[in-house]
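For reference, the structure is listed below as structure tokens.
These numbers come from a predicted model, not from an experiment. Computed over heavy atoms, backbone and side chain alike; hydrogens, waters and symmetry mates excluded.
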Amino acid sequence: MLTEHDRQICIEAAELVLSEMERIHKLLQARAPFKEIFGEGYGSVVEVTSKIKHSETGQEFNCGRKGLKSFRKIASIALKGRVDAEDFEPSELIDRLRDTFLSYAFSDRGWRITDFIDTWVDASLSYVRRRHHYYTHYIPCVTLQIENEDRYDFGPVTFLRKGLFRDQAMKLLSNAELARNRLSERTRRNAVPGLLGCWERKSNRAPKSPEQRFDELTEGVGWIARIAVPRCAHAISEARAEAALRSSLSSLSLLVQRREGANLRLANDPFFPAETNKLSSKGDTNIRVSTSWKFGEPAVKVGWREYVEAEGKPVLAVMHHLIQCILDGNSPSFGFQIAHRAITWYADAIRDPNKETCLVKCATAIECLVLPENQQKTPAFVIRGALFAQRQGQPMSHWAPIARRLYKKRGDIVHGNIDSLKAVRNESCDKDIEFTRNVILQFLVFCRQLQPLGEDRVGTKEDLLELYRACEGTFHDEVVKIVDEYKFKWKVIP
């Protein structure tokens with residue numbers, strides 16, 4: 001239901017459409033020069049084609065770009081404040097408003113805009129909403145091989161071996177082919193004579209079988225991700241399914257060590273091929289071909305799943321919650337938002353073959369989480385990074401120099417300090433990746449259990465900063481050592 005203020009804006013936008021139609025129509029009737037009506041340059045082409053149609057008579061009317069933009073404004077206002085606004089594809093509502101506007105404006109009832117504005121907007125919303133459905137998407141991908149399993153769930157995402165899904169896919173694809181062929185035949189019968197040649201030329205080419213289509217779709221990957229998305233527009237559903245799968249693969253890459261999850265990807269994502277061919281020669285003769293192969297998918301050992309589910313329940317809960325939020329179109333709390341960003345940066349880092357950009361992405365993932373205050377970026381990165389990364393046998397003093405060095409390398413890279421980077425070009429990124437992984441995993445635990453703060457906290461920025469300070473107080477002595485060693489200006493919590 002429109003508020004009185006929003007209703008008035010919609011009325012003015014609709015009146016603008018009618019006034020533009022009337023202005024252009026009068027100029028056309030008076031045979032005014034083309035430039036006077038539509039302007040000149042490339043914009044005039046858009047002005048000429050900016051039309052709306054009266055569905056009952058099929059007649060089209062020029063309303064100009066200003067008139068078409070009015071429908072976008074009305075759609076934006078109509079969706080504002082709706083709890084399901086994220087489920088709508090705005091362009092679908094804009095098209096429906098445009099296609100039905102003249103049916104109301106030229107109605108036999110003699111309606112003024114003020115009489116039909118609410119009915120028109122509500123009817124358009126209802127029509128578009130009825131076209132929303134629950135979709136299930138099947139996306140080819142490369143995922144983690146867990147023991148010998150051909151199927152497993154990761155939160156709301158189900159991963160199926162391609163061979164396991166093939167028979168079902170053949171049946172579903174065959175049904176779709178039959179439906180499409182029936183539609184094509186009906187279209188051919190109703191086509192104008194001039195278009196019949198298109199069907200005749202098309203019939204000379206053998207259509208692809210469902211098997212061929214499936215093999216093309218899944219070429220180079222061994223898994224299918226099945227993702228059910230709550231009711232929404234089809235374009236929104238597709239985007240949510242892909243985003244949820246990317247989040248799942250990024251989370252899985254975080255659960256395995258080092259770069260073992262670097263190959264997890266969607267089928268259409270760029271990747272390093274299994275076969276790499278190189279040419280080289282000594283001098284100008286005898287060119288030599290050298291080939292390297294990489295087989296299989298990332299795999300984990302027996303017992304990995306049981307260990308992760310037993311030891312990492314808080315981490316898994318947060319990962320599954322993030323994926324479900326994407327599918328539902330909900331905006332998670334601040335803590336979950338920065339956690340998702342950090343996971344994504346980490347997954348990009350381990351896939352990146354360029355050492356320098358890998359380091360920058362690792363540092364960015366950590367910077368998402370440490371929340372520096374009062375412009376104390378370096379101390380926050382080192383102290384809080386070491387605080388998160390510490391493990392049994394690896395205290396803060398072990399990780400602080402690694403954090404300090406990573407942040408310095410990141411600064412040298414982004415600020416072009418080439419001379420400073422020469423000494424680290426041949427160093428491995430393994431320690432930096434391990435440090436980043438530890439930081440993110442600990443932060444996910446913080447997201448799940450803000451125990452020192454009580455049960456009423458939901459992970460706002462203030463909640464997290466309060467938790468950070470409490471942890472710094474717990475490890476007071478180690479924080480003091482780091483502050484003294486690097487001469488940081490940092491307020492130490494007693």
Return yes when atom CZ of Arg72 has more than 12 non-hydrogen atoms of other residues, nucleotides or ligands closer than 6.0 Å, and no otherwise.
no
When you look at NZ of Lys431, are more than 12 heavy atoms from neighbouring residues, nucleotides or ligands closer to it than 6.0 Å?
yes
Under the 3.5 angstrom rule, does the side chain of Glu147 hit a backbone N or O of Gly303 as a donor-acceptor pair?
yes
Given 3.5 Å as the limit, does a donor-acceptor pair link the side chain of Ser237 with the main chain of Ala233, or not?
no
Give a yes or no on whether the backbone of Val221 and the side-chain of Thr218 come within a donor-acceptor separation of less than 3.5 Å.
no
Look at the side chain of Asp348 and the backbone N and O of Trp345, then say whether any donor-acceptor pair between them is shorter than 3.5 Å.
no
Which class fits the ring pair Tyr468 and Phe446: parallel under 30°, tilted 30 to 60°, perpendicular over 60°?
tilted
Less than 4.5 Å apart, any side-chain heavy atom of Cys141 and any of Leu245?
yes
Flag, side chain of Thr364 to backbone of Val360, donor-acceptor distance under 3.5 Å:
yes
Whether over 12 other heavy atoms sit under 6.0 Å from Arg166 CZ
yes
Note, Trp399 side chain near Glu434 side chain (heavy atom, < 4.5 Å):
yes
Point-to-point distance, once rounded to the nearest 0.5 Å, from CG of Asn330 to CD of Glu86:
9.0 Å
Parallel, tilted or perpendicular, judged at 30° and 60°: which one describes the rings of Phe159 and Tyr152?
tilted
Any chance you could lay out the salt bridge (Lys or Arg N to Asp or Glu O under 4.0 Å) test for Lys377 and Glu367, step after step, and finish with the verdict?
CA-CA 8 Å; Lys377 297 179 181 179; Glu367 286 183 285; over 6 Å; no
Between Phe165 and Tyr138, is the ring-ring contact (aromatic ring centres under 6.0 Å, His included) condition met? List the steps.
CA-CA 10 Å; Phe165 178 68; Tyr138 302 88; 4.9 Å; yes
How far apart are the C-alpha atoms of Glu373 and Lys491, what are their side-chain angles, what is the distance that settles it, and do they pass the salt bridge (Lys or Arg N to Asp or Glu O under 4.0 Å) test?
CA-CA 11 Å; Glu373 304 169 84; Lys491 183 180 179 181; over 6 Å; no
A side-chain contact here means heavy atoms from C-beta on lying under 4.5 Å apart; do Leu125 and Arg82 qualify?
yes
Has Ser70 got a side-chain atom pairing as donor or acceptor with Ala13's backbone, closer than 3.5 angstrom?
yes
Residue pairs passing the salt bridge (charged side-chain N to carboxylate O under 4.0 Å, His left out) test where at least one lies in residues 228-257, sequence neighbours excluded
Asp87-Arg240, Glu242-Arg246, Arg246-Asp269
Stepwise salt bridge (Lys or Arg N to Asp or Glu O under 4.0 Å) test for Asp99 and Arg96
CA-CA 5 Å; Asp99 294 343; Arg96 184 61 182 175; 5.9 Å; no
Decide if atom CG of Asp430 counts as having more than 12 heavy atoms of other residues, nucleotides or ligands within a radius under 6.0 Å.
yes
Verify side-chain contact (heavy atoms from CB on, under 4.5 Å) between Glu309 and Tyr307, making sure each step is shown before the conclusion.
CA-CA 6 Å; Glu309 290 178 349; Tyr307 173 79; over 6 Å; no
To the nearest 0.5 Å, what is the distance between CH2 on Trp304 and CD1 on Ile146?
4.5 Å
Arg404 vs Ile482 side-chain heavy atoms within contact, under 4.5 Å
no
Between the side chains of Asp328 and Gln324, is a donor N or O closer than 3.5 angstrom to an acceptor N or O?
yes
Within the 4.5 Å heavy-atom criterion, are Val439 and Leu369 side-chain neighbours or not?
yes
Nearest 0.5 Å, please: how far is OH in Tyr127 from CG in Leu97?
12.0 Å
Got Pro140 and Trp223 here, is their nearest side-chain heavy-atom distance under 4.5 Å?
no
Looking at Gly155, is its backbone amide N or carbonyl O close enough to the side chain of His320 to form a donor-acceptor pair, meaning the two atoms are under 3.5 Å apart?
yes
Check whether any side-chain heavy atom of Val121 sits under 4.5 Å from a side-chain heavy atom of Ile77, and report yes or no.
no
Passes side-chain contact (heavy atoms from CB on, under 4.5 Å), Ile343 versus Ser247? Steps please.
CA-CA 8 Å; Ile343 293 171; Ser247 180; 5.9 Å; no
Determine whether the aromatic ring centres of residues Phe336 and Phe443 are separated by less than 6.0 angstrom.
no
Inter- and intrachain pairs under side chain to side chain donor-acceptor pair (under 3.5 Å), touching residues 475-486, at least two apart
none
Yes or no on side-chain contact (heavy atoms from CB on, under 4.5 Å) for Gln257 and Arg437, after CA distance, side-chain angles and deciding distance?
CA-CA 8 Å; Gln257 296 182 348; Arg437 177 173 179 264; 3.8 Å; yes
Any side-chain heavy atom of Ser251 within less than 4.5 Å of one from Phe154?
yes
Are the side chain of Gln337 and the backbone of Pro332 linked by a donor-acceptor contact shorter than 3.5 Å?
yes
Are side-chain N/O atoms of Arg161 and Gln145 paired as donor and acceptor at under 3.5 Å?
yes
